[in-house]
Amino acid sequence: METLVPLVFLVPLASALLTLMAPQGLQRDSVRISIAGAVATFLCASGLLGLALAGHTASEIRFGSTWGVLLFDPLSSLMAFVVSGISLIVHVYSRRYMAEERGYATFFVLLDLMTAALLLMVAAGDLITLLIAWHLIGVLLYFLLGHDSASHTAHRYATWTLLTYRFGDLPLLLAAALLYHAFGTWSLHGIFAQLAGTPDV
């Protein structure tokens with residue numbers, strides 16, 4: 001499991017980078033890299049879910065002492081499986097659906113980055129990482145919806161989506177601050193443990 005956890009995030013990021021770096025004349029063919037990355041991400045997530053269902057202990061990766069925690073337990077493994085599965089379906093469907101659109105390859109780069117951000121959110125083990133992932137999703141949605149800069153309709157919907165997410169940030173930030181004030185930790189595991197120990201709180 002320790003090997004699969006970083007791969008779930010690194011594969012879509014590497015796929016986005018390789019698709020972005022493809023020569024201008026080969027960008028349409030480079031979309032195959034993005035789809036292959038989506039397949040690999042789904043297989044990694046499937047492996048994590050299989051290990052979780054088999055009874056393996058939860059795996060935790062820490063990039064910092066108080067935040068930057070990624071937790072893969074049965075629930076987050078299931079959510080990673082769902083996210084990567086939907087991402088794969090969208091990748092395959094978009095290959096033809098978006099073929100005549102401008103920014104064809106860029107759309108798949110953004111789609112890979114969105115997949116990585118969603119996976120980060122479902123695996124967040126602390127409130128700060130959760131907030132960062134939420135913010136990234138809002139920004140990437142803006143670029144995904146408005147990737148066709150010539151379309152005024154797309155730009156309008158993208159702008160409204162960005163504004164909606166920014167308004168959504170406020171109660172989420174407030175909730176995170178209140179939880180930290182009440183429990184003295186950013187860790188979701190620590191918060192849940194304290195709630196389980198003091199159910200009357």
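- Shortest non-hydrogen contact noted between Thr115 and Val83 is O-CG1, 4.4 Å.
- Listed for the Ser46 side chain is a donor-acceptor partner under 3.5 Å among the backbone atoms of Phe42.
- Relative ring orientation between Tyr180 and Trp186 is described as parallel, the plane-to-plane angle staying below 30° on a 0-90° scale split at 30° and 60°.
- Applying the under-4.5 Å side-chain rule to Ile, Leu, Val, Met, Phe, Trp and Tyr, the cluster around Leu10 consists of that residue alone.
- Of the possible polar contacts, one joining the Thr19 side chain to the Ser15 backbone as a donor-acceptor pair under 3.5 Å is found.
- Atom CG of Leu17 is separated from atom CD1 of Ile33 by 10.0 Å, given to the nearest 0.5 angstrom.
- Between Ser84 and Ala45, the closest heavy-atom pair is OG-CB, 3.3 Å.
- Residue Leu127 forms a side-chain contact (heavy atoms from CB on, under 4.5 Å) with just one option from Ile191, Leu173, Leu172, Val69, and that option is Ile191.
- Of all heavy-atom pairs spanning Ala38 and Leu88, the tightest one is CB-CD1, 3.9 Å.
- Using a 4.5 Å heavy-atom threshold, the side chains of Thr129 and Asp126 count as touching.
- Atoms CG and CZ, from Leu49 and Phe72 in turn, are 11.0 Å apart once rounded to the nearest 0.5 Å.
- Remark: side-chain polar atoms of Ser76 are paired, donor with acceptor, to backbone N or O of Leu71 under 3.5 angstrom.
- For the residue pair Ala117 and Leu136, the shortest heavy atom distance occurs at CB-CB, 4.2 Å.
- You'll find the side chain of Leu48 stays beyond 4.5 Å of the side chain of Phe81, heavy atoms only.
- Contact check for Phe108 versus Ser94: side-chain heavy atoms found under the 4.5 Å cut-off.
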Subject >> side-chain contact (heavy atoms from CB on, under 4.5 Å) evaluation trace for Thr41 with Leu119 >> reply: CA-CA 10 Å; Thr41 303; Leu119 289 169; 3.8 Å; yes
Original post:
Given Met121 and Met79, is the side-chain contact (heavy atoms from CB on, under 4.5 Å) satisfied, shown in steps?
Top reply: CA-CA 10 Å; Met121 186 178 72; Met79 293 305 300; over 6 Å; no
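- The nearest pair of heavy atoms linking Leu188 to Ala124 is CD1-O, 3.4 Å.
- Under the 4.5 Å side-chain criterion, counting only non-hydrogen atoms from C-beta, His91 is not in contact with Val31.
- Using a 4.5 Å heavy-atom cutoff, the side chains of Leu120 and Leu70 are in contact.
- Distance check, rounded to the nearest 0.5 Å: CG of Leu131 to CG of Asp169 gives 8.0 Å.
- The distance from atom OH of Tyr142 to atom CG of Leu110, rounded to the nearest 0.5 Å, is 12.0 Å.
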